[in-house]
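So you know, we letter chains A, B, ... as the sequences are listed, proteins then strands, and number each from 1.
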Amino acid sequence: MIRVYNTLKGVKEDFIPQKNNEVRMYVCGPTVYDLSHIGHARSAVAFDVIYRYLKYRGYKVIYVRNYTDVDDKIIKKANEEGVSPKEIAERYIKAFDEDMDALGVSLPDFRPKVTETMDEIIRFVQTLIDKGYAYVIDGDVYYSVRRFNKYGTLSKKNIEELEAGARVEVDERKKDPLDFALWKASKENEPWWESPWGNGRPGWHIECSAMNKKLLGDTLDIHGGGKDLIFPHHENEMAQSEAASGKPFVRYWLHNGFVNINQEKMSKSLGNILTIKDALKNYSAEAIRLFLLSSHYRSPIDYSPDVLSDAEASLDRFYATKERMEKEWPDVINKKADKKKKEERLKPLIDAMDDDFNTALAIGHVFNEVNNANRMMDGAKKSGVSDEFKTALSVIKAVFGEMGAVFGVFHKSPEGYFNEKKRYLKISEDEIRNLIDERNNARKNKNWSRADEIRRELEEKGIILEDRAGETIWKVKR
RNA sequence: GGCGGCGUACCCAAGUGGUAAGGGAGCAGUCUGCAAAACUGCGAUGCAGCGGUUCAAAUCCGCUCGCCGCCUCCA
């Protein structure tokens, strides 16, 4: 049984989708006005793993992640650059897609855009007006917060205190300062769409409600996003959707924690925004993914060179072991793993993931198995190959394969992994080869000082030499 | 001010009542010409602090200290 922490209830509870085997899942995607940063990556990776895991556990998942391509910030940027909002949106959708692809984030089943959902949005607003939850003023449409008596239940906010503490500039025309815009009449130099209330564009929250209704129906099983979206975005979404349908909007609200940079919140004013593209210049996508999955998705995490190096070191260890398994015991690991034994070994991993997608614990178990595999291979070398050993090693290989597919980490070929590290090389491969040859000649002549000198020389350039039986191999260790 | 959360070894991190997973770094050993990798051993008598509940607490309760997030666009 999967258990998830539901923001709405504030506790972990059993995960039971409305339709026995089917999960309808929606995650808030980016507003495409700038390059995506490492925080977007966290949200995307966290929910990607949740998506993959639900499928792994046998659910049929319909996963939707939107692009907000109509928004104040997009318009502002477009006006600054003297280009159309459409051009801005397209540019950053492309950039976001590239980033997701680089990070190995799987494509959601649907990726709706606001511009392609306009009819549904307008109908949705009209429904809210018809039901008395919204009112029109000079071409604007506002949602009447006080009409929805559950307002504040998601973010645990008291409506009276909200009003008292409101720091937003109040639009005097609104009936209540808390009311928010469903539809905004277009101003000059703004994109607009025709509507019953005049030309205008949607407010921020209505798109998600409309997209959800269109693609997933009135009630979702999972709705996800960053913690910062709980208020006001998700609170407003819930208010809109439940007012319109009269049904519960979301069964399980899931929210991921933030990524800080050197203990500070990322923000434009601090100037410490780390884009995904910049992160990828310094670290591999897999290391970034492993870093993101090394703590629980709800905890805040701190991005720093140290923790990313830790992730790289972990990956080196994992792939060195995988390589050893493949090189030393190809016949053993290519045999089909015993199903029952596999389930036994998989159990701790499954239990961890079932418990609110505890990737950190599950990855810990992966490394327990790395240790087991190495110990068993050492043992087999010393005291012979037993059937037990063969079974266990093939099972571990299978465990790596299955969990690798869920995490989107640990799934490469060791050769491919170590080859990728060559991008950090500060010396040509030919030069390395030549130096290794020279060193091996020196070793033959027992010229140990020259041999060690070459080793040191290469080490300074981030190359580690390993003298194996009959050959010297080199690896990138930066 | 309101709401929510966090504080576990040198660093990262799991653990929500039964006696501290895992990774990195470090030290020692096996192996090696020397290394590397791997393995073995060592490493928190204690989980911010102080009290309390309990046969038993990192885990529950209370207080104190420190840190953070949301309340306004934000993953």
Side-chain angles (χ1 to χ4, degrees), chain A residues 7 10 12 27-31 33-34 36-47 71-73 76 152 155-158 160-162 164-169 204 224-233 235 255-260 263-268 273 290-291 294-296 298-302 304 306-318 320-321 323-324 348 352 355 358-371 373-379 381-382 443 446-449 451-452 455-456 459 463-468 472-475 477:
Chain A
T7 306
K12 270 188 218 172
V27 175
C28 286
T31 299
Y33 73 104
D34 207 343
S36 297
H37 54 65
I38 199 75
H40 297 104
R42 185 182 197 192
S43 180
V45 167
F47 288 104
D71 175 87
D72 290 352
K73 292 190 287 293
K76 183 166 171 260
S155 55
K156 318 238 176 340
K157 293 200 185 304
N158 181 312
E160 307 306 329
E161 282 164 1
L162 266 179
R167 275 178 274 165
V168 209
E169 230 179 282
W204 176 32
K227 271 192 159 80
D228 52 335
L229 294 180
I230 296 171
F231 190 89
H233 184 53
E235 190 71 58
H255 291 99
N256 65 274
F258 271 61
V259 182
N260 297 323
Q263 338 247 4
E264 278 181 320
K265 181 184 169 169
M266 265 193 290
S267 75
K268 296 238 160 174
I273 300 280
L290 181 60
F291 153 68
S294 290
S295 350
H296 188 92
R298 282 191 284 115
S299 314
I301 51 176
D302 196 54
S304 69
D306 280 358
V307 290
L308 267 292
S309 301
D310 282 359
E312 288 196 329
S314 297
L315 285 171
D316 283 356
R317 176 169 163 80
F318 176 84
T321 300
E323 182 179 48
R324 188 181 169 196
D355 184 12
N358 193 337
T359 52
L361 181 57
I363 286 167
H365 289 309
V366 167
F367 281 97
N368 282 332
E369 295 297 9
V370 166
N371 190 265
N374 279 315
R375 198 181 319 138
M376 288 190 298
M377 289 188 285
D378 280 2
K381 251 187 184 166
K382 262 189 195 156
R443 289 173 70 213
K446 297 202 191 296
N447 184 355
W448 306 126
S449 64
D452 291 348
R455 186 210 296 289
R456 268 197 304 278
E459 196 169 355
I463 309 296
I464 295 287
L465 297 183
E466 295 182 23
D467 296 325
R468 304 268 181 93
T472 299
I473 67 153
W474 61 274
K475 279 183 176 160
K477 181 125 182 174

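Considering only side-chain atoms of A:N256, the nucleotide from B:A75, B:A14, B:C39 that sits closest is B:A75. Candidate nucleotides B:A75, B:C12, B:C39 were compared by shortest atom distance to the side chain of A:V307, and B:C12 ranks first.
B:C34 atom C1' lies 17 Å from atom CZ of A:R468, rounded to whole Å.
B:C11 and B:C65 have their C1' atoms separated by 24 Å, given to the nearest Å. Using P as the reference atom, B:G1 and B:G52 are 30 Å apart when rounded to the nearest Å. For the C1' atoms, the distance from B:C50 to B:A58 is 16 Å, rounded to whole Å. B:C34 sits 42 Å from B:C47 when the C1' atoms are compared, rounded to a whole Å. Taking atom P in both B:U72 and B:G46, the straight-line distance is 46 Å, to the nearest Å. Annotation: B:U8 and B:G66 have their C1' atoms spaced 16 Å apart (nearest Å). Across the C1' atoms, B:G2 and B:A57 are found 31 Å apart, a figure rounded to whole Å.
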Tabulate atom names and distances for all N/O pairs under 3.5 angstrom spanning the protein and nucleotides 29-33 of chain B.
{"unit_1": "B:G33", "atom_1": "O6", "unit_2": "A:R439", "atom_2": "NH2", "d": "3.2"}
{"unit_1": "B:G33", "atom_1": "O6", "unit_2": "A:R443", "atom_2": "NE", "d": "3.3"}
{"unit_1": "B:G33", "atom_1": "N1", "unit_2": "A:D452", "atom_2": "OD1", "d": "3.1"}
{"unit_1": "B:G33", "atom_1": "N2", "unit_2": "A:D452", "atom_2": "OD1", "d": "3.1"}
{"unit_1": "B:G33", "atom_1": "N2", "unit_2": "A:D452", "atom_2": "OD2", "d": "2.7"}

Please write out each protein N/O paired with an N/O of nucleotides 20-23 of chain B under 3.5 Å, distance rounded to 0.1 Å.
{"unit_1": "B:G23", "atom_1": "O2'", "unit_2": "A:S314", "atom_2": "OG", "d": "2.4"}
{"unit_1": "B:G23", "atom_1": "N2", "unit_2": "A:D310", "atom_2": "OD2", "d": "3.1"}

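Atoms CD1 and CZ, on A:I38 and A:R42 in that order, are 10.5 Å from each other to the nearest 0.5 Å.
Under a 4.0 Å N-O distance rule, the pair A:K12/A:D355 qualifies as a salt bridge. Classification of A:R443 and A:D467 as a salt-bridged pair holds, one side-chain N sitting under 4.0 Å from a carboxylate O.
In this structure, A:K265 reaches the B:C70 phosphate: one of its side-chain N or O atoms is under 4.0 Å from OP1 or OP2. The side chain of A:N158 places no N or O atom within less than 4.0 Å of a non-bridging phosphate oxygen (OP1 or OP2) of B:C3. Using a 4.0 Å cut-off, some side-chain N or O of A:N374 falls inside it from OP1 or OP2 of B:C39.
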